[in-house]
Trainee: 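Before we start, here is the structure in question, set down as structure tokens.
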Amino acid sequence: MPDVLLAEFVSAIPMPALMVDQTERIIAANTDAKTLLGQNIVDRHFATILRQPQVIDAMEQSLRNKGPAKTRHLSNDGAQDTTFEVEFRYMTGVGAVQGGAVLATFQDITHVEQASQMRRDFVANVSHELRTPLTALMGFIETLRGPAREDAAARERFLQIMTDEANRMNRLVGDLLSLNRVESEERVRPKEKLELTGLLESTLNTLAPLAKDAKVELTLAVPEGPVSLTGDSDQLRQVFTNLIENGIKYGGSGGSVEVRVQSSERDTAMRGPAVRVQIIDKGPGIDSVHLPRLTERFYRADSHRSRQLGGTGLGLAIVKHIINRHRGRLRVESDLGKGTTFTVILPL
Ligand code: ADP
């Protein structure tokens, strides 16, 4: 193949690509390859350009065996790491000397790597979260079989702890299933017509006993008249339950949790008609370093307190996915020592 055609061929490949012939020089490279490896790479020896040992080895192997090879190339542009899968394919009858040349293509697989890392982290987190209560349960079963067998008071106390631990596992499995369901439905727009004020009133009624036990005054301020929107009432109830429960659990020391509803014809965030539901507590607040990661699965601002209160670390992750499904937004503002406000913005 004439050189011009070869260069044209390489430039049409939709990812970084270059060719090296039996003189061990780069005989063609496309724009993406030049962006990745440097502008003046044509005619240079491949080892001075590719540099990473595993990539040089694979190129040598492909040239020598006149066959395929595969490896990884890692690059860093100063801001982030990118992982490429590099495929080497041998083409006979091209290149300056007889014998052929190797075509190397660099496919960006960073997102694949990230997805599998996230999956591994998730499995590790779930296993850890399940194992903690399971270990406690197994320990108490042993104790009940042995030392505590004849001690009625100890037995009662241990059974109570076992019930709490079993409940914790049950909540975790429940939240995992919810998260799974919400994620799989995220792209399906909800269709139900619902009225928000009534939904919030009944959510607050359900949570009234929890607030009473925590000595928290739970109040609702709504605009006059109905607030109608299209959504999924079960899911929205879950959003407000999680946020109000958090307000009571983590912000209850402030003595109050207020739910405030405001609708507007032209919401600044949504650039159109929307309703804002704010859940305001006067508790200890959340340090700003935690705010960007709060909706990640298993992320806790105060792990000790979350575990003590039986939290799964999944509540806000579920909230975020449900709000995404409704094409809404979630905002968090928090002042240390003064309290936290979660704002749910839903399009009308
Ligand atoms: P959890 O099951 O631990 O409650 P969430 O996802 O619901 O998990 O919340 C994540 C973390 O955010 C909590 O562990 C807690 O540290 C923090 N948090 C949530 N709401 C509040 C709040 N109103 N005030 C202070 N911290 C909060």
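Whatever order the structure lists ligands and atoms in, that order sets their numbers, starting from 1.
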Trainee: Ignoring hydrogens and geometry, is there a side-chain-to-backbone donor-acceptor pair from R168 to R307 under 3.5 Å?
Mentor: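 Side chain of R168 to backbone of R307, a donor-acceptor pair under 3.5 Å: yes, one is there.
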
Trainee: Of L229, V344, L200, I323, which is the lone residue that meets side chain to side chain contact (heavy atoms under 4.5 Å, CB included) with L236?
Mentor: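 Single side chain to side chain contact (heavy atoms under 4.5 Å, CB included) partner of L236 among L229, V344, L200, I323: L229.
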
Trainee: Using a 4.0 Å cut-off to any heavy atom of D302, which atoms of ligand 1 qualify?
Mentor: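 Checking each atom against D302, I get 16 (O).
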
Trainee: Consider every N or O of G251 and every N or O of ligand 1, then say whether any pair is closer than 3.5 Å.
Mentor: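 It does not: no N or O of G251 is found under 3.5 Å from an N or O of ligand 1.
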
Trainee: With atoms numbered from 1 as shown, which atoms in ligand 1 lie under 4.0 angstrom from a non-hydrogen atom of G315?
Mentor: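 Counting from 1, the qualifying ligand atoms are 5 (P), 6 (O), 7 (O).
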
Trainee: So if I count the atoms of ligand 1 from 1 in the order they appear, which ones are less than 4.0 Å from some heavy atom of G313?
Mentor: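 Result: 1 (P), 2 (O), 3 (O), 6 (O), 8 (O).
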
Trainee: As an exercise, identify every atom of ligand 1 less than 4.0 angstrom from a heavy atom of S306.
Mentor: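 With S306 as reference, the close atoms of ligand 1 come out as 1 (P), 3 (O), 14 (O).
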
Trainee: Look at atom 20 (N) of ligand 1 and say which protein heavy atom is nearest, naming residue and atom and giving the distance to 0.1 Å.
Mentor: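 Going by distance alone, atom 20 (N) of ligand 1 is nearest to N246 CB, 3.5 Å.
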
Trainee: Does N242 reach ligand 1, in the sense of a heavy atom lying below 4.0 Å from it?
Mentor: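 Under 4.0 Å: no for N242.
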
Trainee: With heavy-atom distances below 4.0 Å as the criterion, list the atoms of ligand 1 near K249.
Mentor: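 Per the distance check, 4 (O).
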
Trainee: What protein heavy atom sits nearest atom 6 (O) of ligand 1, and how far away is it?
Mentor: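 Looking at atom 6 (O) of ligand 1, the protein heavy atom closest to it is L316 N, 2.8 Å.
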
Trainee: At under 4.0 Å between heavy atoms, which part of H290 makes contact with ligand 1: side chain, backbone, both or neither?
Mentor: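 Neither part.
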
Trainee: At a 4.0 Å threshold, what atoms of ligand 1 neighbour a non-hydrogen atom of T340?
Mentor: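 Under 4.0 Å from T340, ligand 1 has these atoms: 24 (N).
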
Trainee: Ring pair (Phe, Tyr, Trp, His ring centres under 6.0 Å) with F106: which residues, sequence neighbours excluded?
Mentor: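 Partners of F106 under the ring pair (Phe, Tyr, Trp, His ring centres under 6.0 Å) test: H73.
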
Trainee: With the threshold set at 4.0 Å, does a side-chain nitrogen-carboxylate oxygen contact exist between E217 and K212?
Mentor: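 Looking at E217 and K212, the cut-off is not met.
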
Trainee: Output yes when a side-chain donor or acceptor of T312 lies under 3.5 Å from a complementary backbone atom of L172, and no otherwise.
Mentor: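 No; judged by distance alone, with no hydrogens or angles, the pair does not exist.
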
Trainee: I'd like to check which ligand 1 atoms, numbered from 1 as shown, lie under 4.0 Å from a non-hydrogen atom of Y299.
Mentor: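 Checking each atom against Y299, I get 10 (C), 11 (C).
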
Trainee: Quick one: nearest non-hydrogen protein atom to atom 17 (C) of ligand 1, plus distance?
Mentor: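 Atom 17 (C) of ligand 1 sits closest to the protein heavy atom A301 CB, 4.1 Å.
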
Trainee: Between T82 and D108, does the side-chain contact (heavy atoms from CB on, under 4.5 Å) criterion hold? Intermediate values first, please.
Mentor: CA-CA 7 Å; T82 311; D108 186 344; 3.5 Å; yes

Trainee: Name the closest protein heavy atom to atom 27 (C) of ligand 1, giving the residue it belongs to and the distance to 0.1 Å.
Mentor: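 Checking every protein heavy atom, the shortest distance to atom 27 (C) of ligand 1 gives I286 CD1, 3.5 Å.
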
Trainee: Within the 4.0 Å heavy-atom shell around L294, which atoms of ligand 1 are there?
Mentor: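 Those atoms are 12 (O).
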
Trainee: Within a radius of less than 6.0 Å around CG of N40, do more than 12 heavy atoms belonging to other residues, nucleotides or ligands occur?
Mentor: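 It does not: N40 CG has 12 such atoms or fewer within range.
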
Trainee: Give me the nearest non-hydrogen protein atom to atom 18 (N) of ligand 1 as residue plus atom name, then the distance to 0.1 Å.
Mentor: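 For this ligand atom, the closest protein heavy atom is Y250 CD1, 3.8 Å.
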
Trainee: With the threshold set at 4.0 Å, does a side-chain nitrogen-carboxylate oxygen contact exist between E333 and K338?
Mentor: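 Not counted as a salt bridge, because no side-chain N and carboxylate O are separated by less than 4.0 Å.
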
Trainee: Specify the protein heavy atom at minimum distance from atom 23 (N) of ligand 1: its residue, its atom name, and the distance to 0.1 Å.
Mentor: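 Answer for atom 23 (N) of ligand 1: D281 OD2, 2.8 Å.
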
Trainee: Can you tell me if R120 has over 12 outside heavy atoms packed within less than 6.0 Å of its CZ?
Mentor: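 Yes, enclosed.
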
Trainee: Do we get R297 above F122's six-membered ring, with its NZ or CZ under 6.0 Å from the centre and within 45° of the axis?
Mentor: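 Here R297 passes the 6.0 Å and 45° test against F122.
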
Trainee: Flag yes if more than 12 heavy atoms outside N76 fall under 6.0 Å of its CG atom; otherwise flag no.
Mentor: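 For N76, atom CG is crowded (more than 12 foreign heavy atoms under 6.0 Å).
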
